[in-house]
Q: 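The structure under discussion is supplied below as structure tokens; questions concerning it will follow.
Any value given below was found using the heavy atoms of this structure, including those in side chains, with hydrogens, waters and symmetry copies removed.
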Amino acid sequence: MTKKSSFFNERIKSIGYATRGASLLITTEASIKVQLVIGIIMTFAGFYFQISTSEWLIQILAIGLVMSIEGINTAIEAIADFIHPEKHEKIGYIKDIAAGAVFIASIAAVIAGLIIYLPKMT
């Protein structure tokens, strides 16, 4: 096998792993299911209110950001629980910070949504 085809094959494998990870995240984690439902609702709202291309870009980035950070948070929590299954102050601190990152992204997404949709509702 040539180096070029090996590189291509490895990228295909990487896409498979990423797809499996996204599927696991969506099917096993309640928090990501909530984020996904909110993302779907906001997508329908975008069509209903006929938001502009720029507004679509902001909305897609906001939804993607929140869901991605939620996934990272889930991974951090799983690693922390694997490393130290018992309750531990430092593990709790790490998990709280990861959850805080999701919270910050969610607040930013809500603000972006308000900027996009409030003018359309008046």
Q: Is I26 linked to I63 within one hydrophobic cluster, defined over Ile, Leu, Val, Met, Phe, Trp and Tyr using a side-chain heavy-atom separation of less than 4.5 Å?
A: yes
Q: Hey, could you give me the CZ/CD1 distance between F7 and I12, rounded to the nearest 0.5 Å?
A: 10.5 Å
Q: Can you name the side chain to side chain donor-acceptor pair (under 3.5 Å) partners of T43, sequence neighbours left out?
A: none
Q: Tell me, please, which residues at least two apart from K120 pass salt bridge (Lys or Arg N to Asp or Glu O under 4.0 Å).
A: E55
Q: Counting only heavy atoms not in F103, do more than 12 fall under 6.0 Å of its CZ?
A: no
Q: Is there a chain of hydrophobic side chains (I, L, V, M, F, W, Y, each step under 4.5 Å between heavy atoms) that links I15 to L24?
A: no
Q: Which residue pairs pass the ring-ring contact (aromatic ring centres under 6.0 Å, His included) test with at least one member in residues 16-38, sequence neighbours excluded?
A: none
Q: Main chain of V66, side chain of Q35: is a donor-acceptor contact present, judged purely on distance under 3.5 Å?
A: no
Q: Measuring from atom NZ of K90 to atom NE2 of H84, what distance do you get when rounded to the nearest 0.5 angstrom?
A: 12.0 Å
Q: Who are the salt bridge (Lys or Arg N to Asp or Glu O under 4.0 Å) partners of E10, not counting sequence neighbours?
A: K13
Q: Output yes when a side-chain donor or acceptor of Y117 lies under 3.5 Å from a complementary backbone atom of F49, and no otherwise.
A: no
Q: Check the hydrophobic clustering (I, L, V, M, F, W, Y; side-chain heavy atoms under 4.5 Å; chains of links allowed) and say if I115 and L118 are grouped together.
A: no
Q: Any chance CZ of R20 has more than 12 other-residue heavy atoms, nucleotides or ligands included, within less than 6.0 Å?
A: no
Q: Is M42 reachable from V34 through a run of I, L, V, M, F, W or Y residues, each pair having side-chain heavy atoms under 4.5 Å apart?
A: yes
Q: Could you check whether any side-chain heavy atom of M67 comes within less than 4.5 Å of a side-chain heavy atom of L25, counting everything from C-beta outward?
A: no
Q: Quick one: do T74 and I32 satisfy side chain to side chain contact (heavy atoms under 4.5 Å, CB included)? Show the steps, please.
A: CA-CA 9 Å; T74 300; I32 201 77; 5.9 Å; no
Q: Going from CD1 on I76 to CD1 on I97, what distance comes out if it is rounded to the nearest 0.5 angstrom?
A: 9.5 Å
Q: On a heavy-atom basis, which atom in A98 and which in N73 lie closest, and how many Å separate them?
A: CB-OD1, 3.0 Å
Q: For I58, enumerate each residue passing the side chain to side chain contact (heavy atoms under 4.5 Å, CB included) test, keeping only those at least two apart in sequence or located in another chain.
A: A112, I116
Q: Return yes if some donor-acceptor pair links the side-chain N/O of S23 with the main-chain N/O of T19 below 3.5 Å, else return no.
A: no
Q: With sequence neighbours left out, what residues match D96 under salt bridge (Lys or Arg N to Asp or Glu O under 4.0 Å)?
A: none
Q: Looking at every non-hydrogen atom in both residues, tell me the closest pair between D81 and K95 and how far apart they are.
A: OD1-NZ, 2.7 Å
Q: Side-chain heavy atoms nearer than 4.5 Å, only ILVMFWY residues, links allowed to pass through others: does that put I38 and M121 together?
A: yes
Q: Checking the side chain of T122 only, and the main-chain atoms of P119 only, is there a donor and an acceptor separated by less than 3.5 Å?
A: yes
Q: Could you check whether any side-chain heavy atom of V37 comes within less than 4.5 Å of a side-chain heavy atom of I41, counting everything from C-beta outward?
A: yes
